[in-house]
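Just so it is clear, the structure is predicted and the values come from calculations on it, not from any experiment.
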Amino acid sequence: MTTFIRSAFIALLYILSYMTAQAQTGQWRHLYPHIVIFKEKAIDTTKTPLTPEMRGYFIRFERIKQLSHEHFLLNDMGVQNLGVRFDKKSELYEGLRDKIPDQDFTSILIDGKASVEFIAQEVNAHNANNYLYRVIQNNERELVGWTKPSQFKTTADGKYQYAWLGKFAYQPEQILRVEIYNTQKYNEQDAVTIDWRKVVAAKVSATVDYWSRGFPIADNGAVSRPFYPMEKYTALVKGKEVPIIPPALDFIKSISSKDLRLRFADSLQKMTFVIDNGQRIYNYKVSLKRNATGLKDSINLGESNSSFELYKEFWKTPGKYQITFTPKIHRHGGEPIYLLRNLATSISFTVLPPADRRYVVSVTWLVIIVASVLLIAALVIVYYRSRQKHILLQQAQSKEIINLQLGSVRAQLNPHFIFNALAGIQNLVNKNEMEKANKYLVRFARITRNVLDEGNKELTSIQHETDLLKDYLEMEQMRFGFAFSINTNAAAVDQQVEIPAMLLQPFVENAVKHGISAMKDAGMIRVDVVKNDNTLLLTVWDNGNGFEAAATTGMGIKLCEKRIQLLNSIYKNTTILLHKGRENNGTLITIELKNWL
């Protein structure tokens with residue numbers, strides 16, 4: 001509401017300012033008649049030297065102003081030359097603009113019986129030899145052929161001379177057209193049309209345009225048929241009238257000229273409405289009312305004074321339609337538009353649903369269709385196989401990359417284990433425990449040989465993995481004196497089942513180094529391999545105080561976590577989970593191999 005009040009207030013201020021400006025302009029001209037506006041600049045004619053262009057403009061301006069006072073209607077300032085005056089009061093309407101050949105000129109529609117005078121305000125006795133004019137009646141004959149203006153008159157104030165081209169009386173249904181041009185400057189021309197004809201209702205004929213293969217060359221297959229044919233499209237065969245229109249083109253179903261009907265078909269393109277009494281100087285507004293299935297509205301389609309094409313997009317839904325042609329005229333001077341609804345012409349028609357037809361396919365078309373389907377199927381199969389091959393290649397490349405990464409992690413784990421073992425041997429040597437060092441070295445050599453024999457195998461059997469762990473624990477037992485046990489429950493778990501190689505070793509090593517190394521004989525490590533349905537549980541438990549955060553983020557643990565992540569990306573149907581926590585006053589590491597068995 002606030003916005004509306006603000007807008008109304010601004011509009012009121014604009015109107016008041018405009019009225020004030022107009023009043024001030026009139027007062028200003030009265031007080032300062034020697035001041036003239038030329039090209040948006042105020043010119044003092046008593047002080048400013050006038051150019052020929054300025055002088056001609058000022059004279060033309062004053063002449064037109066004086067002729068307007070004498071009731072002549074003149075076009076805007078410019079090349080326009082002609083003026084008209086009517087001797088009786090009549091209603092005047094602006095007609096459609098006309099062109100000769102590329103300039104717009106005026107036409108006037110008269111509702112009355114006034115006679116009309118024509119003048120050429122730019123022509124006088126001095127330049128008349130440069131001009132020719134003519135008067136044409138009803139676009140058929142010349143009342144005045146091309147001739148030079150020869151009669152001249154002077155304005156009532158005696159200042160300006162103009163050419164008088166004649167006075168012409170009213171005649172029913174008359175059209176007069178006056179044309180004039182400068183023989184020295186042909187583009188200086190003007191024309192005006194005066195039309196006394198009454199505004200009439202449009203007489204409209206309708207045709208339906210459709211596509212037909214029988215007319216492929218002359219008009220691109222477009223054929224027109226009357227909406228209500230006056231003749232029957234039949235032939236006499238053995239004494240009987242037989243339709244000659246193919247069933248596919250039998251869409252005109254009009255019962256009479258007052259009940260137009262057609263059955264919708266794909267071949268239909270548009271309707272063409274021709275205004276048989278058109279080509280007037282005013283247009284007819286075209287509107288369409290629709291009352292169809294799921295559609296009820298009214299549409300403004302534009303204007304025409306000759307013909308109008310209504311494409312099927314507007315009427316393809318079955319239902320009732322009405323197209324209306326209403327005369328549209330403008331009051332002279334840009335005043336309101338009038339729609340003469342009492343002279344409106346409406347055409348109603350009904351669109352019927354498409355016929356449910358079964359089409360018979362020829363053998364040739366059947367072969368073409370089957371061949372096309374087979375060709376498309378073959379192309380789809382080739383594309384599918386090519387795409388699958390591409391996907392498999394991508395998957396193989398991805399798996400190869402992961403295997404390379406996995407091999408890199410394993411390659412880092414082995415040196416890590418070897419480095420720790422050598423550090424243990426060095427420790428025994430430094431303590432001068434040579435016998436233990438020798439035994440330690442023998443165990444280490446056997447472990448190293450087993451690792452080298454396995455090469456780069458990613459998977460190894462449970463039996464081989466536990467044997468490796470046993471050798472390692474016995475080797476470390478020589479240094480720290482702890483106790484250990486490895487439980488695999490051979491009766492429940494097949495020892496030949498393969499698991500990722502050296503998956504437990506880094507966690508057993510952590511249990512030794514960070515769990516029980518300081519406990520000596522009191523230390524205990526237990527390794528269990530347990531089956532739970534189709535899941536394999538691998539656990540490492542020690543009775544130490546647990547490893548610190550620094551240990552859980554050490555190189556060995558980090559490499560194991562990264563390795564588990566890579567294994568999960570390879571074995572999509574299984575999942576390897578790592579759990580770290582406390583249990584039974586000790587540290588428990590659990591690795592779940594889900595869906596492994």
Side-chain angles (χ1 to χ4, degrees), residues 200-236 241-280 283-327 343-360:
V200 296
K203 295 181 180 179
V204 183
S205 59
T207 59
V208 180
D209 300 341
Y210 62 97
W211 183 87
S212 172
R213 193 176 298 277
F215 299 87
I217 299 175
D219 44 15
N220 200 25
V223 185
S224 297
R225 286 175 55 193
F227 217 137
Y228 177 67
M230 301 302 293
E231 58 184 26
K232 295 181 179 180
Y233 294 98
T234 59
L236 199 62
E241 288 189 353
V242 178
I244 60 175
I245 297 177
L249 300 179
D250 187 21
F251 46 77
I252 298 294
K253 300 296 180 182
S254 299
I255 298 175
S256 68
S257 59
K258 303 296 184 182
D259 189 3
L260 302 179
R261 300 186 181 190
L262 81 162
R263 187 176 300 283
F264 189 82
D266 290 339
S267 60
L268 297 178
Q269 299 299 308
K270 62 184 177 180
M271 299 177 186
T272 301
F273 298 90
V274 178
I275 303 174
D276 298 324
N277 58 342
Q279 301 299 330
R280 301 207 170 213
N283 275 336
Y284 293 87
K285 177 186 175 183
V286 185
S287 59
L288 178 67
K289 185 181 292 184
R290 304 189 292 186
N291 187 6
T293 305
L295 186 66
K296 190 172 184 179
D297 58 12
S298 183
I299 308 173
N300 180 13
L301 299 175
E303 301 176 11
S304 177
N305 72 342
S306 56
S307 65
F308 187 84
E309 294 177 338
L310 185 65
Y311 286 87
K312 68 178 179 182
E313 283 72 19
F314 289 96
W315 46 268
K316 62 183 179 181
T317 304
K320 295 185 178 297
Y321 297 80
Q322 184 182 72
I323 188 168
T324 302
F325 297 81
T326 306
L343 296 177
T345 299
S346 296
I347 297 178
S348 299
F349 59 92
T350 302
V351 177
L352 304 174
D356 184 15
R357 302 185 184 279
R358 295 184 179 181
Y359 296 97
V360 178

Just verifying a value: how many Å separate [X] [atom1] and [Y] [atom2], rounded to the nearest 0.5 Å?
X: Asp259; Y: Thr350; atom1: CG; atom2: OG1; value: 6.0 Å
X: Lys320; Y: Asn291; atom1: NZ; atom2: CG; value: 8.5 Å
X: Ser307; Y: Ile275; atom1: OG; atom2: CD1; value: 7.5 Å
X: Leu260; Y: Met271; atom1: CG; atom2: CE; value: 9.0 Å
X: Ser205; Y: Ile347; atom1: OG; atom2: CD1; value: 8.0 Å
X: Tyr321; Y: Ile299; atom1: OH; atom2: CD1; value: 9.0 Å

Checking the side chain of [X] only, and the main-chain atoms of [Y] only, is there a donor and an acceptor separated by less than 3.5 Å?
X: Thr345; Y: Ala201; value: no
X: Ser304; Y: Ser306; value: yes
X: Gln269; Y: Ser267; value: yes
X: Asn305; Y: Arg280; value: yes
X: Arg261; Y: Val351; value: no
X: Trp315; Y: Phe264; value: no
X: Arg225; Y: Tyr210; value: no

Atom of [X], atom of [Y] and distance for their closest heavy-atom approach:
X: Asn300; Y: Val286; answer: OD1-O, 3.3 Å
X: Lys253; Y: Arg263; answer: CE-NE, 4.2 Å
X: Pro318; Y: Ala292; answer: O-CB, 3.2 Å
X: Thr326; Y: Ala344; answer: OG1-CB, 3.6 Å

Ionic contact status for Glu309 with Lys270, cut-off 4.0 Å: yes
From CA spacing to verdict: salt bridge (Lys or Arg N to Asp or Glu O under 4.0 Å), Asp276, Lys203: CA-CA 6 Å; Asp276 298 324; Lys203 295 181 180 179; over 6 Å; no
Chi angles and distances behind the side chain to side chain contact (heavy atoms under 4.5 Å, CB included) call for Leu262, Leu352: CA-CA 6 Å; Leu262 81 162; Leu352 304 174; over 6 Å; no
No-hydrogen, no-angle side-chain donor-acceptor test under 3.5 Å, Thr293 and Thr317: no
Exercise: do Ser224 and Asp209 side chains pair donor with acceptor under 3.5 Å: yes
Ring geometry between Phe308 and Phe325 (parallel below 30°, tilted from 30 to 60°, perpendicular above 60°): perpendicular
Mutual orientation of the aromatic rings belonging to Phe227 and Phe349 [parallel < 30°, tilted 30-60°, perpendicular > 60°]: tilted
Atom NZ of Lys289: over 12 foreign heavy atoms under 6.0 Å: no
Close side-chain approach of Leu310 to Leu301, heavy-atom, < 4.5 Å: yes
